[in-house]
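Working notes, beginning with the structure itself.
Since the model is a prediction, treat every value here as computed from it, not as a measurement.
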Amino acid sequence: MSKVCQLFSGSSGNSIFISCKETKILVDAGVSAKRICNALSEIGEDAAKLSAIFVTHEHSDHVNGLRVLASKYNIPVFAAEDVIGKMQNEGIINEKVEISPIEENMELSGIEILPFELSHDSVSCHGYRFNLAGGRSVGVCTDTGYVTESAKSTLSRCDLVFLESNHEVTLLQNGDYPYYLKRRILSDKGHLSNAASSEFAKELAKNGTTRFVLAHLSRENNLPDIARQTAVSALSEEGFEEDAHYRLYISSPVNNDKAIVL
């Protein structure tokens, strides 16, 4: 049995838990170590038993708790080489953190890990596909200005995908953010809109994805109901019906739901 759970989501911090048998992985540690430990405890998990932490990129909402969590429990950390250098230079991690560069194809206790490039205004940004025992697979695709070819090819036929649905364009354009920030979010190195996310969801569904978790929703420039309806409408255009052909989940800033069992 495999279990996945978005512990935290959005600009206030991000972290995803994935387990398969005895292997337990975090993708990002964007809130304090204490909050991550508490969130894991709430779903019946122990931070001391984490097998690894995979970092998508070095922005604070993805690494705030990394140094304390990894050093306290001696958890191996994996990230792109330039992200490692950036975190070391900025003091995000220190010599107490056991960190290694990600590789094109990795294996950890029977789980195959496939990193893929995303487009974001960090030194680099990667999503991940985790091929679990028993043939199930989980993908993480957040913090990207557009859906890269690498994301499309790597996530094809993935069972469950955490998919960024950051903003509704009209809400962002008419909102209170300063112009430079709006421009950043809307750029090719920003974040996926509801519309862009739903278009990719259609492609994924046609290739076999049956579970979607809409993630990294903006509190200021999006609403869960709008994100959901955009995705449902797009999928219905291809003849996919919710609960019949797929399940759709919306990540809240702090997890309020039980983990998803695969």
Side-chain angles (χ1 to χ4, degrees), residues 2-6 9-10 14 16-18 20 25 27-28 54 56-57 104-105 111-120 125-169 188 190-218 222 224-252 257 259-262:
S2 299
K3 181 165 68 172
V4 299
C5 183
Q6 178 109 46
S9 180
N14 297 271
I16 294 170
F17 173 76
I18 301 170
C20 181
I25 292 170
V27 179
D28 291 331
F54 286 83
T56 58
H57 62 295
E104 187 173 337
N105 290 81
I111 296 178
E112 182 183 25
I113 301 105
L114 305 176
F116 54 90
E117 292 183 357
L118 296 172
S119 178
H120 197 48
C125 188
H126 285 79
Y128 296 96
R129 175 175 176 149
F130 299 90
N131 290 332
L132 311 175
R136 296 292 191 177
S137 52
V138 175
V140 178
C141 182
T142 65
D143 292 78
T144 189
Y146 68 95
V147 180
T148 62
E149 291 302 316
S150 181
K152 291 178 182 179
S153 60
T154 306
L155 292 177
S156 180
R157 301 184 183 281
C158 195
D159 292 298
L160 181 152
V161 176
F162 289 88
L163 180 58
E164 180 170 58
S165 194
N166 177 257
H167 59 276
E168 179 65 24
V169 172
D188 281 352
H191 291 278
L192 280 188
S193 67
N194 291 337
S197 176
S198 64
E199 284 301 308
F200 188 34
K202 288 198 297 188
E203 291 187 39
L204 291 169
K206 286 189 282 188
N207 287 318
T209 300
T210 57
R211 299 194 189 193
F212 300 91
V213 184
L214 301 185
H216 215 306
L217 274 68
S218 170
N222 208 352
D225 286 347
I226 294 177
R228 168 179 285 281
Q229 189 54 51
T230 304
V232 169
S233 295
L235 288 162
S236 68
E237 291 173 1
E238 301 296 330
F240 296 108
E241 297 181 11
E242 187 176 6
D243 296 328
H245 302 113
Y246 68 91
R247 292 184 182 177
L248 181 66
Y249 308 86
I250 310 293
S251 290
S252 57
D257 300 314
I260 301 169
V261 177
L262 294 175

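Between Leu262 and Val138, some side-chain heavy-atom pair lies under the 4.5 Å cut-off. Proximity of Ile18 to Leu132: side-chain heavy atoms (C-beta onward) are separated by under 4.5 Å at one or more points. For the pair Leu217/Ser9, no side-chain contact is recorded, criterion being any heavy-atom separation below 4.5 Å from C-beta on. Looking only at side-chain heavy atoms (C-beta outward), Leu192 and Thr144 come within less than 4.5 Å of each other. With contacts defined as side-chain heavy-atom distances shorter than 4.5 Å, the pair Ile260/Val213 qualifies.
With hydrogens and angles disregarded, no donor-acceptor distance shorter than 3.5 Å links the side chain of Ser156 to the backbone of Ser153. A donor-acceptor pair is defined here as one N or O able to donate and one able to accept, closer than 3.5 Å; such a pair exists between the side chain of Asn222 and the backbone of Ser165. A side-chain donor-acceptor contact under 3.5 Å links Ser119 to the backbone of Asp188. In this structure, Ser236 contributes its side chain and Ser233 its backbone to a donor-acceptor pair below 3.5 Å.
Residues forming a ring-ring contact (aromatic ring centres under 6.0 Å, His included) with His216 (at least two apart in sequence, or on another chain): His62, His191. Residues forming a side-chain hydrogen bond (donor to acceptor under 3.5 Å, both in side chains) with Glu237 (at least two apart in sequence, or on another chain): Lys202. Under the side-chain hydrogen bond (donor to acceptor under 3.5 Å, both in side chains) criterion, Glu117 pairs with no residue at all, not counting sequence neighbours. The side-chain hydrogen bond (donor to acceptor under 3.5 Å, both in side chains) search around Ser251 returns Gln6, not counting sequence neighbours.
Residue pairs meeting the salt bridge (Lys or Arg N to Asp or Glu O under 4.0 Å) criterion with at least one member in residues 157-168, sequence neighbours excluded, are Arg136-Asp159. Identified under the salt bridge (Lys or Arg N to Asp or Glu O under 4.0 Å) test for residues 205-217, with sequence neighbours left out: none.
Taking the ring centroids of Phe54 and Tyr128, they lie under the 6.0 Å cut-off.
Results of the side chain to side chain contact (heavy atoms under 4.5 Å, CB included) test with Ser137 over Leu155, Asn131, Ile111 single out Asn131 as the only residue that passes.
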